[in-house]
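Proteins get letters first, then strands, A, B, ... in listed order; numbering begins at 1 in each.
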Amino acid sequence: MAIFVDDSTKVVVQGITGRDGGFHSSQMLAYGTKIVAGVTPGRGGQKFEDKVPVYNSVKEAVQEKGANTSVIFVPPFGAAGAIYEAADAGCKLIVCITEGVPTCDMVKVMPYLEERGVRLIGPNCPGLLAPGIAKLGILPTSIVKEGPVGLVSRSGTLTYEVVYQLSAAGLGQTTCLGIGGDPVIGTTFMDAIKAFNDDPLTEAFVMIGEIGGDAEEQAAAWIKENCKKPVVSFIAGQTAPPGKRMGHAGAIVSGGTGTAAEKKIALEAAGIPVAERPMDIVPCLQEIWKK
Amino acid sequence: MAIFVDDSTKVVVQGITGRDGGFHSSQMLAYGTKIVAGVTPGRGGQKFEDKVPVYNSVKEAVQEKGANTSVIFVPPFGAAGAIYEAADAGCKLIVCITEGVPTCDMVKVMPYLEERGVRLIGPNCPGLLAPGIAKLGILPTSIVKEGPVGLVSRSGTLTYEVVYQLSAAGLGQTTCLGIGGDPVIGTTFMDAIKAFNDDPLTEAFVMIGEIGGDAEEQAAAWIKENCKKPVVSFIAGQTAPPGKRMGHAGAIVSGGTGTAAEKKIALEAAGIPVAERPMDIVPCLQEIWKK
Amino acid sequence: MNIHEYQAKEIFTGFGLPVPGGKVATTTEDSVALANEFGYPVMVKCQVLTGGRGKAGGIKFCETEADVRKNAEAILGMDIKGHTVKTVLITPAVDIESEYYVGMLIDRNTKRILLMASAEGGVEIEQVAKDTPELIFKQPIDPRFGLLDHEAMDMGMRLCPTDIKKARQLASAMQKLYQAFVHSDASLAEINPFIFTPEGRGHAIDAKVNLDDNAIFRHSDYEPMRDLDAEDPSERAAREANLSFVKLSGNVGCLVNGAGLAMATMDLVKYYGGQPANFLDIGGSSNPEKVVNALKIILADEEVKVILFNIFGGITRCDDVAKGIIAATEIMDIKVPIVVRLTGTNEEEGRALLSKTDLVPATTMDEAVKKAIELG
Amino acid sequence: MNIHEYQAKEIFTGFGLPVPGGKVATTTEDSVALANEFGYPVMVKCQVLTGGRGKAGGIKFCETEADVRKNAEAILGMDIKGHTVKTVLITPAVDIESEYYVGMLIDRNTKRILLMASAEGGVEIEQVAKDTPELIFKQPIDPRFGLLDHEAMDMGMRLCPTDIKKARQLASAMQKLYQAFVHSDASLAEINPFIFTPEGRGHAIDAKVNLDDNAIFRHSDYEPMRDLDAEDPSERAAREANLSFVKLSGNVGCLVNGAGLAMATMDLVKYYGGQPANFLDIGGSSNPEKVVNALKIILADEEVKVILFNIFGGITRCDDVAKGIIAATEIMDIKVPIVVRLTGTNEEEGRALLSKTDLVPATTMDEAVKKAIELG
């Protein structure tokens, strides 16, 4: 079992005929993900890799093929529109990989999703990989391994780094989830942590945070009160200068809030070990898990 | 018992210090309506007629005096804003008397009310008078009488005319309701008819329609299928020239739809007698009620 | 408030809709000059506030200067359904490969702005709606989110299932039309037809916009768009006096408070064999000055032989109406009989005030109408 | 993208906010001419993209032409936190009776635009937030309905409980600020202070707007607002190459894909006693040209003694990165050692391509960082 996905997950890929959308759809298919349809307006009737039907709209993909989950690879100017479309068509899980989506677009899309009970992951995220079940996004499949550890991260490639080390140490994963580092995202740290806490197969989990915002502090407070599973953390950006945006729209330290040091204090105060280096995460986890 | 109001109705009047708002608040108070507060921004701390406290906001009126119903007498440019405010403050029934509210404002306010489960009556309507219970609006109290007849109307003064005749004939009312004739209104004909059908004290009811739209046709179809109580109707505007707006934004006959003749056919096809003249309504009702 | 095609196109252009250039002229010479400026062919289009302009010969395709001269001369001054053409729009003619209808209006049932579109463009959409309603596609628009990309695209692809570029242009036009609708507080906005040239470029070649009278107060820039010439002088006076008024052709001048009661009064006049001279709703306010203005407007019509007041007081107080009637009779020299029926709020006070005058009282609506017809 | 006060005020003026007139000058003579045009007193305000301009002496009240001359001369060319003043805003000075803070930003927790306002205006709001958070009022704005009248009025009355006229002006300013925020795609918009004159008229006398970089593509009109002088040349080159880059002062040039991994790499360089020369995220795209651009930008810094690639391939494919590195080394004459760590999608293909070169391979992040520090 995993969080947010299961055997009934049927995927439609929005932007399947684009360069990145096509490449990663192939990867997802190769991993066994049930991609039942693709969508590119104007390309309806074509087939992706001679097997996945392409439709002009998500509505058709849902009606014809029963898609219930969308993975979005469309350019930033169309990303919010693609999210609305997927939600309106009835998808209950949407993973938006697109980087560079205007924040005001995301602010507006959020209540639309809430009204329809739709879970969004992203935007500007690597998505989700539940080893042995499905890959929704761009996490490299070669590094994952089935097992009892959950992983949630605001980062993309740093997630891969940690998953790689977990797998190398024999610690397989229930779900690896990159939620993205933009200011406004669908599924938050807190949402993921609650889901891991409720998931019977997840025995322990790892939180990869970064500078900016206070999602880590909130998560720490919640974990302290509610979570009995072992948790370890890592925070990127200890050396980031204040006031500068570190790639992610979210990764910016402003006016003494959102620093790595503050987050570390909050996490440790909640009893969550914070690894100094990415390579320390696995040893940290092994240490507290044995207790 | 009446529709939409009962003994727990506690009213806040928005615009209580204005000319019309003040006049009709006095009338409502004189009829025994529980006006617990008034609102006029900047007049907080004053008293209306030395007894009703005036607040700066509906929120204060709800918090301090438990108001659950608002009657709005503010100018058109502020009417939609007043509705949002009342709904946000927790009022579950809002009666907007204001005439001349821009239609696009009403289009936008509607989902706000739906999200909060708020009933709106109006705008541009005379409101509701439940004889012996409460008056919310501007219907003249001298003409009503307690009894078993419900009355719903898109018109204002034509409603009074009919109520007057009902009372004169000894036919008292459970509730007299003017829903207004604007293109976009809160409580519709259908809403009122369903409520009358469900109200155990309402034994028969009268529908006063007018040209424009198809609310009467819809009501006719619903009544035919669902309503066992005697109903009579009247349609104003048989002589109205097409394409001209007859006062109400809604009262306009366009392209062969919404004519009095069409409505009459639909109503009669549903078994609902349509009175030729206002003075025929009472005899019509008496005739079918006896069956 | 209805506005002319060229004014609607100005609004559309402001919201980025593709409208072919165009300018208006009020003389033949100016028409010719504009046509020469644009180059041929051009369209000469009468600007009157009524439909069926093409059928009436008010819209002409002109290939030469001589064509423009001939047609502008014929169209300017033409009478179309009672409207005299004072202005023509000169606009470059475009080649038409296909025509679509795109319109928006307020839908009472969904309480939303409704987008309607059809591949049956360029014809009377009411006829399409009657004969083949399945050819009109509809999309109610959630005001909280506006016309979303996929909703517009879905409509675009219904109209142009085989041409994604055209579908995109239609979708974009629909989204811009929605912006124009809400920001101008329209009650109706239509592009009929939206056309494609053989090269695949879309253009809104006709435009119709009705503005919500209730919202004009926040569009002071639109007030100059009002075509005062197109209004009946009495209707204009009524509008300026904030009265809801429609001129009819009878002899019983009606002053009623409330639109429904006013219509019912007209109906009753006709029922008893009379002819109402007008619809007039003096509105929900209780301003005595309004009554004076209303009387002036009605009495300006020489056909009016009797005045019928039918007042049921709710928000309008009968004593205010009575004061208004008395003030008016003091100012004006009213020669026709006046029947007055006052009921409702403050009716005793109102009747008491009137009892000292020589007005004809009536108790019921029926009695008042019958007396008015008798005296008219 | 951060913009200057005068540019933020231009945006505000476009949305109807009450901003005192003002114009910018780049010379003392122009400053004096503008001051004479406005009449005295005026403010001379340095236009640099940093806070604390007043404390640094960059904002002066001037009562006479001589004042303006003296202060403009002093301010133009002044260095404020590393920013050279090239432009001053000359604006009429207004009498201040009271000062308020009004600001909006994106709130991650509510996922909404958050209105914040305080009667503690004119001072550093961060300080107020830290010391007396109860003096800052907050209102998250529902994007479906915008900042509603009663929400704005409620905030206005909290700021000015005893003066309804001022409360209304504040409420109106908040609603206009919201319009400005959403229509300009801001990430931050502040008026600090919003002041009232002794006569009770409100003015936005300072303005700060940060625009969302992700939305600049739909605001081509804002692109000229970018102050190219205020950017580090390497940061500008990176932006133009669509790379996310921040210059630091070390010797280890870092090229990493992904912001999180890039920060972690910097952290690790420092952990092992080295100094990162930069933050650089080559992004999620797999365009080989980006790598070439990135190398050029990093190598333009002569302090850089070693290049460290840390690539974990997800959406970026390792073979593309390898091709990019090879292409770059063919074009450029790279004198410093290059440590490359490639893992993830297509890593075998990537490593195979690189094996024919003299780049220093590394398997883990730790190994790569240690090797880079050693070689740097």
Between [X] and chain B, with a heavy-atom cut-off of 4.5 Å, which part of the residue counts as in contact: side chain, backbone, both or neither?
{"X": "C/Ala262", "value": "neither"}
{"X": "C/Lys111", "value": "both"}
{"X": "C/Asp267", "value": "both"}
{"X": "C/Glu348", "value": "neither"}

Exercise. Do NZ/NE/NH1/NH2 and the carboxylate oxygens of B/Glu161 and C/Arg341 come within less than 4.0 Å?
Worked result: yes
For this session: Flag the pair C/Asp142 and B/Lys108 as a salt bridge only when some basic side-chain nitrogen lies within less than 4.0 angstrom of an acidic carboxylate oxygen.
Result: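 No, C/Asp142 and B/Lys108 are not salt-bridged.
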Taking the side chain as every heavy atom from C-beta outward, state whether [X] and [Y] have any pair of such atoms under 4.5 Å apart.
{"X": "B/Pro241", "Y": "C/Leu248", "answer": "yes"}
{"X": "C/Thr364", "Y": "B/Met279", "answer": "no"}
{"X": "C/Asn109", "Y": "B/Gln218", "answer": "yes"}
{"X": "C/Gln275", "Y": "B/Thr239", "answer": "no"}
{"X": "C/Arg144", "Y": "B/Met110", "answer": "no"}
{"X": "B/Gln238", "Y": "C/Lys270", "answer": "no"}
{"X": "B/Pro111", "Y": "C/Pro143", "answer": "yes"}

Residue part contacting chain C, namely of [X], when any heavy atom lies under 4.5 Å:
{"X": "B/Pro278", "value": "side chain"}
{"X": "B/Phe77", "value": "both"}
{"X": "B/Val107", "value": "both"}
{"X": "B/Ile208", "value": "neither"}

Problem set entry | Under 3.5 Å: donor-acceptor pair, side chain of B/Thr157, backbone of C/Phe312 |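 Pair absent, no side-chain N/O of B/Thr157 close to backbone of C/Phe312.
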Exercise. So, does C/Asp212 use its side chain to make a donor-acceptor pair with the main chain of B/Pro102 at under 3.5 Å?
Worked result: no
Out of curiosity, [X] [atom1] to [Y] [atom2], how far, rounded to the nearest 0.5 Å?
{"X": "C/His183", "Y": "B/Cys104", "atom1": "NE2", "atom2": "SG", "result": "10.0 Å"}
{"X": "C/Asn346", "Y": "B/Gln27", "atom1": "CG", "atom2": "CD", "result": "6.5 Å"}
{"X": "C/Glu347", "Y": "B/Tyr164", "atom1": "CD", "atom2": "OH", "result": "5.5 Å"}
{"X": "B/Thr103", "Y": "C/Leu105", "atom1": "OG1", "atom2": "CG", "result": "12.0 Å"}
{"X": "C/Asp185", "Y": "B/Asp105", "atom1": "CG", "atom2": "CG", "result": "6.5 Å"}

Problem set entry | Full working for salt bridge (Lys or Arg N to Asp or Glu O under 4.0 Å) between C/Arg108 and B/Asp182 | CA-CA 9 Å; C/Arg108 290 155 177 273; B/Asp182 277 2; over 6 Å; no
Exercise. Does the pair C/Leu268 and B/Glu276 meet the rule for a side chain to side chain contact (heavy atoms under 4.5 Å, CB included), with working shown?
Worked result: CA-CA 9 Å; C/Leu268 203 61; B/Glu276 279 293 314; over 6 Å; no
